[in-house]
Amino acid sequence: MTPAIAMTIGGSDSSGGAGIQADLKTFTSMKVYGCSAISCVTAQNTKGVSRVDALSPEALSAQISAVLTDLPVAALKTGMLLNVGLIEATAAALAALTIPKLIDPVMVSRAGSVLLEPSAIAAYRLLLPQAELLTPNLHEAQLLSGVTIEAATDLEGAVEQAAQRLLELGSAAVLVKGGGRPELRGRDYLLQRHAPGQWLSHAPISTTHTHGSGCTLGAAITAQRALGLSLQEAVIEAKRYVEGGLRSALAIGAGHGPLCHWHAYGSVGQRRAP
Ligand SMILES: Nc1ncnc2c1ncn2[C@@H]1O[C@H](COP(=O)(O)OP(=O)(O)OP(=O)(O)O)[C@@H](O)[C@H]1O
Ligand SMILES: Cc1ncc(CO)c(N)n1
């Protein structure tokens, strides 16, 4: 059997809800073989991040090269890249690769932890021209585009304007994720070059257990691109997956729990009685 293969490049989340762990769970759940390159290791739980250890840019480049020289990866995503050196190494390692690349410009976690050194925001401009899709949340869209979103009175108008500016930075399409504001939960704005923008919606879910929702959405889009869906079809399918994962979100830990990745397969696995 030869499966579709997707790759994720990003940080490890020890709690398993976000980062590389969320991506690999999502790939598996969508029946896509997942492989990875790790940029940094976070000590993290549902309440926040207590420590981050970066790998060297050389260690990241070596992992990317080991995977890409052997496995026929059909689509990839990047997540937490932490610093300028890791962003530059990623941009260099992926430059010649023509498969669909999703760039999730991870900057701050749901619990408010800083996941990108402030001095590295500008370095994202190196990576964006390679992106088939850029997937910022509202905060990241504001920082990368310079458009005020979080304090805007016309929130939707501000998102649309920011998406337009972000396209000018070079990615072929932008999906601004609305999960950060109650009035936009489940609503994301997709803008592709040479096409009108569109708001894509799934149901808003009343839950505090949203840890890893952004990583999961990006991984699901990447998996669907690896399976050959068009970008728009992949986003719609991925949103269906995130909605299901949030409906069955796991109330584990004292903070924001993670999405469920087996919602398509039924209920929680039960421990056998001794
Ligand atoms: N309460 C909710 N109900 C429905 N959809 C939600 C909710 N919260 C987030 N989403 C959806 O989850 C996806 C991820 O968006 P979000 O804005 O949370 O990304 P993010 O900030 O990158 O996530 P994180 O940093 O937690 O991984 C989007 O499709 C968004 O619409
Ligand atoms: C490692 C990692 N990547 C991404 C996120 C964004 O949710 C996170 N919290 N942790």
Side-chain angles (χ1 to χ4, degrees), residues 8-26 36-55 77-82 86 102-116 133-144 149-150 155-156 159 175-190 199-221 234-249 253 255-260:
T8 172
I9 301 170
S12 163
D13 169 6
S14 49
S15 74
I20 293 286
Q21 287 84 351
D23 295 347
L24 293 177
K25 289 173 191 182
T26 305
S36 63
I38 293 184
S39 59
C40 61
V41 177
T42 69
Q44 182 170 180
N45 61 26
T46 62
K47 295 185 287 181
V49 176
S50 52
R51 181 181 167 115
V52 180
D53 286 278
L55 268 75
K77 74 168 284 240
T78 68
M80 179 177 176
L81 295 177
L82 186 64
L86 291 165
L102 180 151
I103 308 293
D104 186 4
V106 171
M107 294 184 190
V108 181
S109 79
R110 180 50 60 109
S113 310
V114 174
L115 303 177
L116 180 73
L133 182 66
L134 174 70
T135 60
N137 62 21
L138 296 176
H139 183 65
E140 293 152 356
Q142 172 167 297
L143 283 175
L144 286 170
I149 299 176
E150 285 163 322
L155 191 53
E156 290 190 14
V159 166
L175 181 73
V176 181
K177 301 173 287 192
R181 279 285 280 269
E183 57 272 55
L184 288 185
R185 273 186 196 137
R187 303 194 61 214
D188 307 313
Y189 183 68
L190 177 65
W199 283 94
L200 298 173
S201 300
H202 63 247
I205 314 293
S206 173
T207 178
T208 56
H209 303 304
T210 58
H211 180 68
S213 55
C215 304
T216 300
L217 180 74
I221 295 169
V235 172
I236 291 169
E237 198 52 45
K239 285 175 62 62
R240 217 191 310 274
Y241 183 82
V242 167
E243 182 187 345
L246 287 169
R247 276 191 200 285
S248 312
H256 299 285
L259 278 67
C260 176

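Model, not experiment: these values are computed from the prediction. Each ligand, and each atom within it, is numbered from 1 in the order the structure gives.
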| query | Does any N or O atom in H211 lie less than 3.5 angstrom from one in ligand 2, N or O only? | reply | no
| field | Under 4.0 Å to a heavy atom of A18 - the qualifying atoms of ligand 2, by number | value | 5 (C), 7 (O), 8 (C), 9 (N), 10 (N)
| said: Whether the side chain of S39 engages the backbone of M80 through a donor-acceptor N/O pair (distance < 3.5 Å, no angle test) should be reported. | reply: yes
| field | For atom 15 (O) of ligand 1, the option (of K177, R185, E140) bearing the nearest heavy atom | value | K177
| field | Which of the ligand 2 atoms, numbered from 1, are nearer than 4.0 Å to a heavy atom of L115 | value | 5 (C), 6 (C), 8 (C), 9 (N)
| query | Has ligand 1 got any nitrogen or oxygen that is less than 3.5 angstrom from a nitrogen or oxygen of G214? | reply | yes
| Side chains of R240 and H202: closer than 4.5 Å at any heavy-atom pair? | no
| field | V41 vs L55, side chain to side chain contact (heavy atoms under 4.5 Å, CB included): CA-CA, chis, key distance, verdict | value | CA-CA 8 Å; V41 177; L55 268 75; 4.2 Å; yes
| Where the closest heavy atom to atom 28 (C) of ligand 1 is concerned, which of L175, D188, T216 has it? | D188
| task | Taking only heavy atoms of G186 into account, list the atoms of ligand 1 that are under 4.0 Å away from them. | result | 4 (C), 5 (N), 6 (C), 31 (O)
| message | Between the side chains of E243 and K239, is the shortest nitrogen-to-carboxylate-oxygen separation below 4.0 Å, so that they form an ion pair? | response | no
| Counting heavy atoms only, which of G19, G10, S39 is nearest atom 3 (N) of ligand 2? | G19
| T26 side chain near T8 side chain, heavy-atom distance below 4.5 Å | no
| query | So do the side chains of I149 and V159 get within less than 4.5 Å of each other, counting heavy atoms only? | reply | yes
| Can you list the ligand 1 atoms lying under 4.0 Å from a non-hydrogen atom of T210? | 26 (O)
| query | Under 4.0 Å from ligand 1, counting heavy atoms only, is it the side chain of H202, its backbone, both or neither? | reply | side chain
| request: Output the distance between atom NZ (K177) and atom CD (E140), rounded to the nearest 0.5 Å. | output: 5.5 Å
| Proximity winner for atom 13 (C) of ligand 1, if only heavy atoms of S213, G218, A220 are counted | S213
| What about G178: any of its N or O atoms under 3.5 Å from an N or O on ligand 1? | no
| If you measure every N/O of I205 against every N/O of ligand 1, is any gap under 3.5 Å? | yes
| What part of C215 sits under 4.0 Å from ligand 2 if we count only heavy atoms: the side chain, the backbone, both or neither? | side chain
| query | With a 4.5 Å limit on heavy-atom distance, are the side chains of V114 and V52 in contact? | reply | no
| said: Does only the side chain of S206 get under 4.0 Å from ligand 1, or the backbone, or both, or neither? Count heavy atoms. | reply: neither
| message | Checking the side chain of Q44 only, and the main-chain atoms of D13 only, is there a donor and an acceptor separated by less than 3.5 Å? | response | no
| field | N or O pair under 3.5 Å between H211 and ligand 1 | value | no
| task | Using a strict cut-off of 4.0 Å, indicate which atoms of ligand 1 neighbour a heavy atom of G212. | result | 26 (O), 27 (O)
| Just which atoms of ligand 2 are under 4.0 Å from any heavy atom in G11? | 1 (C)
| said: Minimum heavy-atom separation for V235 and L200, please, with both atom names. | reply: CG1-CD1, 3.6 Å
| Just by modelled atom types, is the I205 backbone N or O under 3.5 Å from a matching donor or acceptor in the R185 side chain? | no
| Would you say the side-chain atoms of D104 pair up with the backbone N or O of T78, donor to acceptor, closer than 3.5 Å? | no
| Looking at ligand 1, does any of its N/O atoms fall within less than 3.5 Å of an N/O of L246? | no
| field | Whether S36 side chain and I38 backbone form a donor-acceptor pair below 3.5 Å | value | no
| said: I'd like to know if S12 contacts ligand 2, where contact means a heavy-atom distance under 4.0 Å to any ligand atom. | reply: yes
| field | V49 contact mode with ligand 2 (heavy-atom cut-off under 4.0 Å) | value | neither
